[in-house]
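Below is one structure, written out as structure tokens, with a few remarks after it.
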Amino acid sequence: MNFSFDVIWHNLPYMLAAARWTLLISVGGMAISLVWGVFLCAARISRGPFLSRIAALYISFFRGVPLLVQLLIFYYMLPHVGLDLPAVAAAILAVGMCSAAYTAEILRGALQTIPRGQTEAALALGIPTLSLWRRILVPQAIRIGLPSLTNELILLVKVSSLASVVGIGELTRISQNITGETYRPLEIYVAAAAIYFLINVILSALGRLAENRLLVG
Amino acid sequence: MGDITTEQPIIEIRNLSKHFDDFEALRDITLDVHRSEVLCLIGPSGSGKSTLLRCINFLEAYDGGEVRLEGELIGWKSAGAPPRKPLSGEALRRQRQHIGMVFQQFNLWPHLTALENVAEALIHVKGLPKAEAMTKARAALAKVNLSDKEANFPANLSGGQQQRVAIARAIAMEPSVMLFDEPTSALDPELVGEVLGVMKQMAAEGMTMVVVTHEMGFAAHVADRVAFLEGGRLVTCAPPADIFGREPDDPRVNAFLKTYRERNVV
Amino acid sequence: MGDITTEQPIIEIRNLSKHFDDFEALRDITLDVHRSEVLCLIGPSGSGKSTLLRCINFLEAYDGGEVRLEGELIGWKSAGAPPRKPLSGEALRRQRQHIGMVFQQFNLWPHLTALENVAEALIHVKGLPKAEAMTKARAALAKVNLSDKEANFPANLSGGQQQRVAIARAIAMEPSVMLFDEPTSALDPELVGEVLGVMKQMAAEGMTMVVVTHEMGFAAHVADRVAFLEGGRLVTCAPPADIFGREPDDPRVNAFLKTYRERNVV
Amino acid sequence: QADMLSDIKAKGKIVAATEMHYAPFDILKDGEYQGICHDLFVEVAKELGVEAEFLDLPWQSILPGLEAGKFDFVNAPVTITAERMSRYNFTLPIGNATVALAKKAGDDSIAKPEDIAGKAVGSQKGSAQLEQLKAFSASLATPADVREYVNIDEALADLAAGRIQAVANSAPLMGYAAVQRPGLFEMVMPPFGEPKYFGWVAPGGEDAKTLIAAINDALIKMHEDGRLQAINEKWLGSNPDLPTTMPDVK
Amino acid sequence: MELDLFVRYGPALLSGFGVTILCWIVGSLGGLVLGFALACLYRFGPRPLRWLIQAYVEVIRGTPFMIQLFILYFGGPHFGLLLTPVQAGIASFIIYGSPYFAEIFRSGFNAIPKGQIEAARCVGLSEGRILFRIILPQMLVPTTAPLTNFFIILTKETAILSVVTVPELLYETQTMASETFTFVEPFLVLSLFYWLMVIGTSWLGDKVERRVTRHLRRA
Ligand SMILES: Nc1ncnc2c1ncn2[C@@H]1O[C@H](COP(=O)(O)OP(=O)(O)OP(=O)(O)O)[C@@H](O)[C@H]1O
Ligand SMILES: Nc1ncnc2c1ncn2[C@@H]1O[C@H](COP(=O)(O)OP(=O)(O)OP(=O)(O)O)[C@@H](O)[C@H]1O
Ligand SMILES: [Mg+2]
Ligand SMILES: [Mg+2]
């Protein structure tokens with residue numbers, strides 16, 4: 001087999017440029033996923049049957065429908081109801097809102113390990129719900145759920161490749177295109193994998209760092 | 001009862017009952033706590049002491065009867081027969097701000113240091129600026145002799161130290177009523193003395209206290225009245241002298257105190 | 001010391017020391033425990049009592065000195081100066097089987113019922129058939145007066161009930177040495193009496209016990225010797241009469257017991 | 001009734017989508033969109049007097065996107081078939097879509113198309129070339145083992161990996177692959193099956209008829225002044241000899 | 001919607017669904033077991049092994065499934081590893097899933113209070129027994145939801161197997177789409193099938209979670 005580094009070297013700049021889109025969508029998606037995920041989780045376990053039902057429905061929808069379809073809906077169907085999002089916005093929103101469903105479930109699982117006594121202590125002191133979540137519950141849930149959350153964020157980076165269906169030339173797409181011209185899929189895909197790997201390894205390192213810091217308590 | 005003051009009791013408990021599934025943890029408890037009074041709850045393990053405390057600040061939604069704080073019904077929207085509607089979170093929070101609690105299992109927040117555990121509510125409930133809250137929290141920790149451990153996480157504290165953080169966390173909030181669930185169980189006699197001192201001082205400053213304890217010496221020393229619970233019922237409630245006096249009327253109380261007396265009259 | 005028997009002590013502690021980061025929790029402790037002896041550890045909160053117990057069964061890897069059980073070094077592969085190699089998990093497990101422990105925070109397994117908590121080790125360590133293990137576990141629960149709660153999960157037990165499950169779990173295993181960390185902190189006086197009875201019986205049957213306690217009455221009553229710890233040092237170790245007698249020699253011990261005496265001589 | 005042509009002229013630009021993934025028609029080379037379709041369409045846009053804007057989309061969202069009006073036109077090479085013509089408006093042929101084979105370089109067992117009898121041959125799922133291949137294979141004494149791939153890339157990768165012995169796709173693409181990886185792939189001459197053509201696609205319906213007409217006029221003009229031939233020469237090294245009237249399709 | 005389409009392509013779609021389910025179940029259960037083993041080795045193994053496992057996790061988790069599959073399937077033959085599409089699909093599924101599962105389980109280990117393990121050691125329970133009796137049941141409290149999540153994610157990753165001609169659901173729907181030039185119907189069917197798998201998985205996850213959180217529910 002003649003593995004050609006030249007091909008990689010030659011196309012790397014274009015792949016890196018495409019990786020910027022991957023990064024943009026990923027980071028935007030992560031922000032939405034984490035923030036929206038916390039609220040979803042709170043709604044999901046709230047006492048109010050209405051809120052919790054809605055959240056359950058949301059989670060079931062966004063986990064149940066393939067992201068590809070969600071993206072197509074965001075980009076190709078929303079215009080029919082008068083909401084014409086630019087492609088990048090649609091991609092970030094779709095990726096983030098879908099990932100939030102998973103994040104919410106991860107947090108819900110983690111919250112169950114926090115002994116009830118801790119919430120009771122906060123209630124007895126009169127700590128407001130928002131502070132209870134922000135200061136007591138979420139930090140600990142994140143601490144427990146961090147490896148799973150890192151998993152989810154890494155999956156999010158990878159799934160950002162679906163943004164190509166709304167015309168964004170992100171890393172996977174551009175790699176495929178280059179392959180279509182060079183007929184060297186192995187080389188190009190290995191290079192693409194390396195770029196994804198780089199992004200994800202940074203994420204993963206950040207996750208471990210946070211985990212080590214949070215685990216002190 | 002009612003021999004301490006004629007004004008309205010700060011806590012009124014009327015026909016309180018509480019079930020866990022089909023286990024009756026509290027039945028038909030009627031009890032008043034007066035302003036600035038120290039009421040000790042004693043009784044065998046499993047008699048419902050913690051449950052009673054937890055009903056007072058509605059950590060357990062009691063199912064029968066009423067608990068009132070300064071005349072205001074705790075937890076439920078209306079008195080009367082079930083089904084009743086619970087108060088909104090916000091209303092309940094307002095009520096609970098007047099009631100401090102030290103838990104039997106401490107319930108410290110493991111991801112916050114001792115100091116942060118104490119300061120947390122000062123900042124987020126009292127709304128104190130951070131610096132001021134820290135000063136206050138340090139003062140509270142000093143009261144329970146724990147200044148040198150303020151930076152430790154709960155997992156790195158001894159049992160007694162954890163208990164003292166829990167006490168500091170509650171007293172720093174200066175509530176009008178304090179509920180203590182065995183606040184000295186993990187403390188050595190010397191510290192018990194110190195905590196006792198702190199409690200006496202709080203009592204002198206007008207705080208009302210309900211204290212669950214297994215230390216009869218402690219109860220005898222600090223209580224204005226002692227209530228004896230058994231099997232979820234209030235057996236008796238009287239000044240300590242009547243309870244700890246040589247032979248109290250109630251044979252059950254008598255039996256309960258027997259071993260204690262034997263052991264402590266060395 | 002050594003006044004009880006001339007045979008080899010069952011536990012020998014030599015120059016034991018333990019640091020947490022740069023905090024010195026135990027320094028240079030030397031202490032023997034004899035077969036069938038009941039040794040009570042007392043001392044202020046944070047003095048290192050729990051840490052000492054935890055070093056005996058190597059839950060804390062002590063960093064200096066030695067702990068020996070029946071002459072065998074606990075935890076490390078060899079005596080001598082650090083760095084030392086810890087024993088393999090299996091070897092440690094074999095050593096620990098002889099040492100029972102009741103934790104200050106109970107450490108029950110929350111997903112198992114009271115009965116399952118007690119029976120678990122009977123089945124999987126002692127290798128008893130399930131039915132027999134259940135019978136034995138029930139007997140242990142009965143000893144601590146908890147037969148009616150065997151099906152409850154720990155979260156649905158009162159503090160004292162949890163503590164009794166922890167005691168039952170340890171005694172059911174019939175180890176040769178028992179380490180109790182404040183085994184009666186959550187118990188009412190009556191139950192303290194009962195647990196005391198159980199412990200006395202175990203002692204009579206030849207079990208060796210090391211008991212951390214804050215209840216001086218308890219210590220005075222049950223101990224063969226009492227060791228007083230402070231700031232990680234062993235201050236004194238003597239029969240209870242010497243310690244609790246009107247004025248022990250050591251001023252520190254004296255100060256420690258002062259409040260206790262005041263409160264308990266009602 | 002809207003007319004696409006006047007709308008486009010009013011906007012001053014035409015947005016065309018393609019999958020930049022079909023050499024030598026649509027390729028992304030050195031980060032830039034190039035290829036026969038690119039060069040041709042730039043010229044066509046000039047003739048229309050508008051600017052051309054290109055979008056790269058995966059195949060599965062090109063036709064839904066066209067229907068949702070996210071862009072005006074598909075300048076990807078789409079094989080002209082009767083079934084497709086009933087749904088969309090096609091332009092005149094812009095490329096040769098006749099099926100041809102590629103084999104592994106140096107494989108002497110395949111010298112002409114008929115030699116694939118009994119061998120494993122890959123092609124792209126859903127392509128018109130696949131159907132040609134199937135028909136051809138059925139006409140052989142021992143039919144070929146036809147394998148369907150989602151993309152032609154994977155078929156070529158499997159050819160390189162040795163799981164299949166030949167790949168069938170349009171002659172220009174097979175030729176380009178052989179040129180790009182000379183040591184690896186080799187084209188099997190000649191193309192076989194019925195002659196087929198690639199065209200471009202506009203939305204179905206009446207709105208697009210004037211647009212199609214204008215583009216066809218431009219293409220004919222380019223036939224006449226030699227631009228079309230020049231572009232083909234540049235990418236293929238030969239002239240495909242395209243018809244200037246709509247071919248008959250079955 | 002043209003119903004005769006479904007009559008025509010029904011059998012193919014169903015067989016595609018079968019292949020998808022096969023790859024999904026075998027692949028993800030294999031990944032689950034491998035992941036659990038990795039998490040245990042990571043926790044209890046010697047230090048060099050931990051580094052090795054961490055490197056494995058980072059590399060496999062950090063790269064896209066498609067590329068792993070591609071390398072295994074198309075690169076493999078260059079090293080003499082000639083797998084059939086379904087073999088390659090299942091093998092790469094197991095490999096791909098394992099680091100995610102390993103990380104989820106690792107987070108589960110962190111959630112068990114140390115004291116409980118100390119108590120178990122004190123009564124002399126063996127490490128294996130501690131793992132399966134004390135740690136695992138409680139570990140499932142925080143991890144059932146992420147595990148369910150990941151099983152659901154894997155249902156969709158099966159679609160990628162189509163690139164190596166595994167005749168799974170997407171492959172068959174694409175056949176249907178490209179042969180009939182319909183787009184909406186095949187993708188509706190596709191979504192429906194995925195949705196079935198997803199609700200099945202969430203239902204099961206729910207059951208497991210209910211079981212493992214029994215002790216947390218209050219009267
Ligand atoms: N993991 C740890 N890290 C740092 N310091 C620790 C840790 N564990 C214990 N300590 C400190 O070591 C000292 C001894 O703790 P230990 O738990 O042995 O006290 P103790 O005598 O049992 O007290 P108590 O009666 O309150 O339970 C305490 O000051 C405590 O803060
Ligand atoms: N959530 C629960 N579900 C079922 N039973 C419960 C629950 N909580 C408490 N109980 C039972 O209610 C009874 C009263 O419990 P409570 O905690 O009030 O006892 P206590 O008087 O505080 O005892 P202790 O002195 O041992 O702490 C006990 O028998 C206990 O088993
Ligand atoms: Mg209690
Ligand atoms: Mg201790």
For the atom pair [atom1] ([X]) and [atom2] ([Y]), what is the distance rounded to the nearest 0.5 Å?
X: Asp148(B); Y: Phe23(C); atom1: CG; atom2: CZ; value: 7.5 Å
X: Thr213(C); Y: Asp188(B); atom1: OG1; atom2: CG; value: 11.0 Å
X: Thr184(B); Y: His214(C); atom1: OG1; atom2: NE2; value: 9.5 Å

Counting only non-hydrogen atoms closer than 4.5 Å, does [X] touch chain C with its backbone (N, CA, C, O), its side chain (CB onward), both, or neither?
X: Ser185(B); result: both
X: Gln163(B); result: neither
X: Lys49(B); result: neither
X: Gln105(B); result: side chain

Quick one: closest heavy-atom pair of Pro189(B) and Met216(C), and the distance?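 That would be CG-CE, 3.4 Å.
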For Gln104(C) versus Gly160(B), what's the shortest heavy-atom pair and its separation?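 Nearest pair, atom of Gln104(C) first, then Gly160(B): NE2-N, 4.2 Å.
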Is it the case that over 12 heavy atoms from other parts of the model lie below 6.0 angstrom from the CZ atom of Arg27(B)?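 Buried by this count: over 12 neighbours within 6.0 Å.
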Return the option, out of Gly43(B), Pro44(B), Gly48(B), Ser45(B), with the maximum number of heavy-atom pairs under 4.5 Å with chain C.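 Counting heavy-atom pairs under 4.5 Å, the top option is Ser45(B).
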If I measure from the heavy atoms of chain B, does Gln161(C) come under 4.5 Å with its side chain, its backbone, both, or neither?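 Answer is both: backbone and side chain atoms of Gln161(C) are under 4.5 Å from chain B.
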